[in-house]
Amino acid sequence: MKSTIKPMTFLLLAFFLYACSEKPKEKTAENIQLFDEKYRPQYHFSPPQQWMNDPNGMVYLDGEYHLFYQHYPDSNVWGPMHWGHAVSKDMLNWEHLPIALYPDSLGYIFSGSAVIDHGNTSGLGKDGNDPMVAIFTYHQNQKGQTQGIAFSNDKGRTWTKYKGNPVLKSPGIPDFRDPKVSWYEQTNGIGKWIMTLAVKDKISFYSSPNLIDWKHESDFNPDWAAYGGVWECPDLFPLTTPEGNKKWVLLVSINPGGPNGGSATQYFIGQFDGQTFTAEGSDVKWIDHGADNYAGVTWSNIPREDSRRLFLGWMSNWQYANIVPTQAWRSAMTIPRELQLVRDNSGNILLSSAPIKEIQNLVESTNVIEGASFMLDHNLFQLDLEKTPEQSGSVIFSNDLGENITLQITHDEITFDRSNAGKTDFQDEFGNIHHAPIKNIKIKNVSIFSDRSSLEFFFNDGEMVMTEIIFPNAPLLKVELKGFKGENKVHYFKSIWNN
């Protein structure tokens, strides 16, 4: 996904390449204070410095989860895009690595994906090893967008761009980007690579035997889907229903046009036959009803013995991403989440989204809390609440400065109000009340994850989710409950920066 700010003309690219040549600073005792700014997340991923947006190139290899991300190392606002890089053994504690991909004469490095080329179909591996291959969008202001590839034979530590780039040229459409590539196993035992590509207001599917030569297969853009802005950052993957039937899920981010303004991610459930995706039903579905989960995609190459579909999103919104009140760094990622198919009370299939189980390894202590009003120790926590039988309920977090946020549950919707949550005047619509309609589910529980400048609400173990960023002037630690049971639990987390 890209900023709505018009980039500088491409004639200045040489200047930017020179300016961006400095590598990111290593985490040392001398600069550890960079990870403890006022609003710096303490258990969500954020860049050591400067600007970040979409997660890119998420791939697993030999015990490491790789996260690449849209990054501008010379400013805390969007600029000439690079791929930042970090690795983790648990998707929570991260080692920051040097920038993986820099802009070049073909353009800025926009969003994309990465795969392990099992069998070396591309011929880019060496010494009998299967290469890691990144597939990304080149962006040039005047020449449109094309798809390029780069490869690594040392587990993603160094990268070589393919000499024949671009491997897929634009058919004359300005918005032609964000390739998500995966291996599709055909019934006759022969497989092929499938590229899911965002093309203005539709998704185009391409196939390739080798990641280099691409053939157009089909397009997807039903008239009932959510539009209003360009389609971006797609993902296509199979999941199994509770009854054991295989379905395909297509994620499509849209900017603008989200249910609460600005950017958001819709999803479709259906069938894919290696050429065409066919959606089942005609209801618009959102992976998150909050304002701050965008451009999310899933990790590739997860081992069969794990088999989870693991998701990560950018925790911001293009309405205000460039102007939120942080300085040394800007933007964070959501909690990594496991995606599953579940059924609602009417039997409809939903895509649920729940925090990964590994997050429990960050728990320092667990307390039982009683009553409808209480104080929390600090703002790194998971608060697990059980609803009483009545449909309505509310949760209010506040501080001694008179700042607060309110989550309200009624019989037909959930609302979130951050209009009095501290710093809100940097953008006119940041303080708007957000709405999430309740359809065919009854709220039984909610888990609330707080991390300094964010709140993530998981209803019914992920049947519905709302992700919201906040900027209070002091932690919101006083809690008032209505419509919830009198005994609940809070889990306090340790900071990933102290490990």
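These figures come from a predicted structure and were not determined experimentally.
N56 pairs with exactly one of K180, Q70, H85, M81 by the side chain to side chain contact (heavy atoms under 4.5 Å, CB included) rule, that one being Q70. For the side-chain hydrogen bond (donor to acceptor under 3.5 Å, both in side chains) test with W314, the passing option among S263, S253, S331 is S331; the others fail. Screening Y60, F311, F68, Y65 for a ring-ring contact (aromatic ring centres under 6.0 Å, His included) with W299, the sole residue that qualifies is Y65.
In this structure, D175 pairs ionically with R177, as a charged nitrogen and a carboxylate oxygen lie closer than 4.0 Å. Between E185 and K246 no salt bridge is recorded (no basic side-chain N to carboxylate O distance below 4.0 Å). R337 and D288 are joined by a salt bridge, as a carboxylate oxygen and a charged side-chain nitrogen come within less than 4.0 angstrom of each other. Using a cut-off of 4.0 Å between Lys/Arg side-chain N and Asp/Glu carboxylate O, K285 and E280 are scored as not salt-bridged. Under 4.0 Å is where a charged nitrogen must lie from a carboxylate oxygen, and between E468 and R418 at least one such pair does. Salt-bridge formation is detected for the pair R452/D36: a Lys NZ or Arg NE/NH1/NH2 atom is positioned less than 4.0 Å from an Asp or Glu carboxylate oxygen.
Between K192 and K215 there is no side-chain heavy-atom pair separated by less than 4.5 Å. Residues S75 and W51 form no side-chain contact, since every pair of their non-hydrogen atoms from C-beta on lies 4.5 Å or further apart. With contacts defined as side-chain heavy-atom distances shorter than 4.5 Å, the pair S300/S113 does not qualify. A heavy-atom distance below 4.5 Å is not found between the side chains of L380 and L362. Put simply, the side chain of L351 reaches to within 4.5 Å of the side chain of V249, judged on heavy atoms. In this structure, Q147 and F176 have side chains that are in contact, with non-hydrogen atoms separated by less than 4.5 Å. Counting heavy atoms from C-beta on, the side chains of Y294 and T265 come closer than 4.5 Å. Looking at Q50 and Y72, their side chains never come closer than 4.5 Å, going by heavy atoms from C-beta outward.
Of the N and O atoms on the side chains of N379 and S450, not one donor lies less than 3.5 Å from an acceptor on the other residue. Using modelled atom types and a 3.5 Å distance limit, the side chains of D219 and S204 yield a donor-acceptor pair. No hydrogens or angles considered: a donor-acceptor pair under 3.5 Å links the side chains of E217 and S207.
Side chain of D130 to main chain of I116: no donor-acceptor pair is present (N/O by atom type, distance under 3.5 Å, no hydrogens or angles). The backbone N or O of G462 lies less than 3.5 Å from no partner atom in the side chain of S353, so there is not a single donor-acceptor pair. Side-chain atoms of Q42 come within 3.5 Å of backbone N or O of R40 as a donor-acceptor pair. Panel note: side chain N210, backbone G123; no donor-acceptor pair is recorded below 3.5 Å. The closest donor-acceptor contact from the side chain of D292 to the backbone of I469 lies under 3.5 Å. Using a distance-only test at 3.5 Å, with no hydrogens or angles considered, no donor-acceptor pair links the side chain of N221 to the main chain of V199. In terms of modelled atom types and a separation under 3.5 Å, the side chain of D451 and the main chain of Y43 share a donor-acceptor contact. At distances below 3.5 Å, not a single donor-acceptor pair connects side-chain atoms of E429 with backbone N or O atoms of G261. For R330 (side chain) and V77 (main-chain N/O), no donor-acceptor pair under 3.5 Å exists by modelled atom type.
The ring pair (Phe, Tyr, Trp, His ring centres under 6.0 Å) pairs that include a residue from residues 191-219 are W183-W193, F205-F272, Y206-H216, where partners are two or more places apart or lie in different chains. The ring pair (Phe, Tyr, Trp, His ring centres under 6.0 Å) pairs that include a residue from residues 249-269 are F220-F268, W224-F268, where partners are two or more places apart or lie in different chains.
Separating the CD atom in Q319 from the CZ atom in F430 is a distance of 10.0 Å, to the nearest 0.5 Å. The line from CG of N153 to CG of D117 is 10.0 Å long, rounded to the nearest 0.5 Å. We find the CG-CG distance between N120 and L211 to be 10.0 Å, quoted to the nearest 0.5 Å. The CD atom of Q140 lies 7.0 Å from the OG1 atom of T146; values are rounded to the nearest 0.5 Å. In this structure, the separation between NE2 on H139 and CZ on F110 is 4.5 Å, given to the nearest 0.5 Å. Here I109 contributes atom CD1 and H82 contributes atom NE2; the two are 8.5 Å apart, rounded to the nearest 0.5 Å.
Closest approach of A226 to Q266, counting heavy atoms only: O-NE2, 3.0 Å. Shown here for P234 and I203, the closest heavy-atom pair between the two residues is CB-CD1, 3.7 Å. Between S152 and G156, the shortest heavy-atom contact is OG-N, 2.9 Å. In this structure, M52 and S46 approach most closely via the heavy-atom pair CE-CA, 4.4 Å. P325 and Y39 get closest at one heavy-atom pair: O-CD1, 3.6 Å. Shortest non-hydrogen contact noted between F426 and I323 is O-CD1, 3.0 Å.
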Where do F471 and T326 land on the side-chain contact (heavy atoms from CB on, under 4.5 Å) test, with the steps shown first?
CA-CA 9 Å; F471 300 97; T326 65; 4.1 Å; yes

Worked verdict on I254 versus W286 for side-chain contact (heavy atoms from CB on, under 4.5 Å):
CA-CA 11 Å; I254 178 174; W286 301 99; 3.8 Å; yes

For a ring pair (Phe, Tyr, Trp, His ring centres under 6.0 Å) check, start with the C-alpha distance between H289 and H434, then their side-chain angles and the critical distance, and finish with the verdict.
CA-CA 8 Å; H289 286 268; H434 299 154; over 10 Å; no

Output, in order, the C-alpha distance, side-chain angles, deciding distance and verdict of side-chain contact (heavy atoms from CB on, under 4.5 Å) for L106 and N165.
CA-CA 8 Å; L106 293 178; N165 279 337; 3.8 Å; yes

Go through the steps for N76 and Q327 under the test side-chain contact (heavy atoms from CB on, under 4.5 Å), then give the verdict.
CA-CA 7 Å; N76 64 4; Q327 298 301 321; 3.6 Å; yes

How far apart are the C-alpha atoms of Y69 and F45, what are their side-chain angles, what is the distance that settles it, and do they pass the ring pair (Phe, Tyr, Trp, His ring centres under 6.0 Å) test?
CA-CA 11 Å; Y69 54 91; F45 180 88; 5.4 Å; yes

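Within a 6.0 Å sphere centred on NZ of K155, heavy atoms belonging to other residues, nucleotides or ligands number 12 at most. For D428, the CG atom sits in a loose shell: 12 or fewer heavy atoms of surrounding residues, nucleotides or ligands are nearer than 6.0 Å.
Using cut-offs of 30° and 60° for the angle between ring planes, the F136 and W83 rings count as perpendicular.
Partners of K161 by salt bridge (Lys or Arg N to Asp or Glu O under 4.0 Å), not counting sequence neighbours, listed by chain and number: D104.
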